[in-house]
Number of protein chains: 2
Amino acid sequence: MSERLPHTLRSDALDNRASLLDAARALFSADGLDVPMREIARRAGVGPATLYRHFPTKQTLIAEAFADQLHACRTIVDEGCADPDPWRGLRGVIEKICEVHALDRGFTEAFLSTVPGGPDLAGRAYTLEALAGLARRAKDAGGLRPDFVLDDLVLVFMANKGIRTRSAATQVAASRRFAALAIEAFAADPERAPLPPAPRLATAANKPAAANNSAATNEPAAGGGS
Amino acid sequence: MSERLPHTLRSDALDNRASLLDAARALFSADGLDVPMREIARRAGVGPATLYRHFPTKQTLIAEAFADQLHACRTIVDEGCADPDPWRGLRGVIEKICEVHALDRGFTEAFLSTVPGGPDLAGRAYTLEALAGLARRAKDAGGLRPDFVLDDLVLVFMANKGIRTRSAATQVAASRRFAALAIEAFAADPERAPLPPAPRLATAANKPAAANNSAATNEPAAGGGS
DNA sequence: ACGTTAGCGGACGCCCCCGTCCGTTTGGCT
DNA sequence: AGCCAAACGGACGGGGGCGTCCGCTAACGT
């Protein structure tokens with residue numbers, strides 16, 4: 001029963017794994033997350049079974065494929081937080097995140113989809129937390145309007161996702177313009193009228209509730225167990 | 001002998017047609033345009049063949065289902081144009097259109113999808129035209145920022161589409177807030193920095209190919225000739 | 001060099017969707 | 001009431017994606 005799983009992959013297996021991740025990244029970026037698994041396998045030059053062996057569920061593949069993108073996002077946020085001018089930092093975050101999303105369709109979907117048990121939720125929570133602090137400082141510094149809430153940022157990122165154009169160049173241009181508009185809207189200005197109430201989107205109480213997707217969280221029972 | 005095709009539907013056929021449109025509206029609104037045709041038929045209590053008989057293509061069904069919504073949109077624009085204060089009129093248009101889109105997911109998709117030969121393109125063109133005039137007047141009146149372009153409006157509507165929440169109430173709240181933010185961004189303010197260039201999205205030259213003609217003077221070669 | 005076995009990929013069954021055909025029902029008219 | 005055809009709906013064939021199984025290949029250890 002206690003079979004030692006060899007944690008060292010064979011060389012060809014390692015190669016295939018890399019090819020699969022490359023293919024997944026390329027296809028997800030270009031076409032979104034709805035690309036068929038077989039398409040990814042085909043592009044990687046392997047059979048479907050190989051794909052499923054390495055990544056038993058699509059979630060796994062997505063998580064691994066976008067791990068570095070997610071890291072880039074975190075870096076962007078960290079850089080923004082490190083800026084001595086918090087309002088400039090926040091603006092930079094908005095611009096850069098929007099650009100990243102404009103360049104990678106799949107990542108946008110993965111980043112914003114509230115998939116139950118999503119792999120990036122931890123990172124997402126961290127990011128939101130850091131952004132909350134940055135926003136508070138930006139408000140105190142006077143650049144960010146006082147009635148800004150964190151959900152507004154989520155709103156902007158979700159909205160940015162809705163922007164879809166034909167060419168990649170247009171996509172970036174549109175996203176850039178949109179980010180600039182969002183920043184304009186967020187700028188503090190004493191003459192402004194108050195905004196309508198903000199909805200709760202991502203911060204707190206975002207429970208998955210209905211289990212429309214059984215995420216099969218099988219734990220391999222590492223220890224002896226019964 | 002001379003078979004007159006009766007353009008009057010039988011009573012049951014008329015009933016079914018109405019049921020189908022009702023079902024389509026309900027499902028499109030709730031779940032978007034991707035609902036299976038059979039689902040609509042099932043909901044209407046008819047067989048799939050009946051659906052296909054009344055609406056040979058999904059486009060036809062969509063067009064008919066959203067005819068009044070589209071009319072409502074046009075009315076909104078007309079009312080906005082009729083406002084003696086063009087800037088207030090434009091703001092009203094943004095708010096109302098965003099609200100309509102928030103309430104009806106399918107309509108948003110239908111409205112914004114650049115389906116080739118889409119049924120609503122004519123209405124859309126008209127709407128855009130009217131909005132262009134309104135925007136010009138709002139600029140002249142000083143409420144709307146001078147570097148606003150019509151594509152910015154398209155951008156906002158596309159972005160609004162990207163906002164998706166769980167409950168309908170949240171959806172409306174989010175859309176309302178977003179519309180308010182967009183309006184803030186569009187407001188004229190002498191202190192503002194210029195925006196990045198606007199991408200071409202919907203206005204003019206939206207042809208997928210053969211758009212940039214190097215030979216500017218295209219002679220139609222009016223047939224007569226030899 | 002050889003055996004072992006990790007790893008591979010083609011093939012399979014399942015489900016869902018699409019669009020159409022034909023036997024049957026039923027409304028409308030005399 | 002009775003006819004007729006307009007209208008109905010169940011059924012069919014086609015296509016595509018999903019996740020899995022099994023016989024075979026070739027990488028690794030000795």
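Since this is a predicted model, take the numbers as computed values, not measurements. Numbered from 1 within each chain, the chains take letters A, B, ... in sequence-line order. Computed from heavy atoms alone, side chains included, the values below leave out hydrogens, waters and symmetry copies.
- The pair B:Asp152-A:Arg177 counts as a salt bridge, with a side-chain nitrogen and a carboxylate oxygen less than 4.0 angstrom apart.
- When rounded to the nearest whole Å, the span between CZ of A:Arg43 and P of C:dG9 equals 17 Å.
- Between atom CD1 of residue A:Ile76 and atom CD1 of residue A:Ile97 there is a gap of 4.5 Å, rounded to the nearest 0.5 Å.
- At a threshold of 4.0 Å, the pair A:Glu64-A:Arg17 counts as salt-bridged, since one of the basic side-chain nitrogens sits closer than that to a carboxylate oxygen.
- Under a 4.0 Å N-O distance rule, the pair B:Arg105/B:Glu109 qualifies as a salt bridge.
- Under 4.0 angstrom from either OP1 or OP2 of C:dG9 there lies at least one side-chain N or O belonging to A:Thr50.
- For DNA chain D, the neighbouring residues in residues 17-36 of chain A, judged by any heavy atom under 4.0 Å, are A:Pro36.
- For D:dA7, the OP1/OP2 oxygens have no side-chain nitrogen or oxygen of B:Asn16 closer than 4.0 Å.
- Protein atom CZ of A:Phe55 is 16 Å distant from nucleotide atom P of D:dC18, rounded to whole Å.
- For A:Arg53, there are no salt bridge (Lys or Arg N to Asp or Glu O under 4.0 Å) partners at least two apart in sequence or on another chain.
- When the P atom of D:dG16 is taken as reference, atom CD of A:Glu39 falls 12 Å away, rounded to whole Å.
- Partner of A:Phe55 under the side-chain contact (heavy atoms from CB on, under 4.5 Å) criterion, chosen from A:Leu21, A:Thr50, A:Ile40, A:Ile62: A:Leu21.
- When each of B:Phe107, B:Phe66, B:Phe178 is tested with B:His101 by the rule ring-ring contact (aromatic ring centres under 6.0 Å, His included), just one qualifies, namely B:Phe107.
- In this structure, B:Leu51 atom CG and C:dG19 atom P are separated by 10 Å, rounded to whole Å.
- Protein atom CE of B:Met37 is 16 Å distant from nucleotide atom C1' of C:dC16, rounded to whole Å.
- Using a 4.5 Å heavy-atom cutoff, the side chains of A:Ser167 and A:Thr170 are in contact.
- A sub-4.0 Å separation between OP1 or OP2 of D:dA7 and a side-chain N or O of B:His54 is absent.
- Here D:dC18 presents its P atom at 12 Å from CG of A:Leu61, a figure rounded to the nearest Å.
- Under a 4.0 Å N-O distance rule, the pair B:Arg176/B:Glu99 qualifies as a salt bridge.
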In B/S/- notation (B base, S sugar-phosphate only, - none; protein heavy atoms under 4.0 Å), nucleotides 20-30 of chain C written 5' to 3' is BB----BSS--
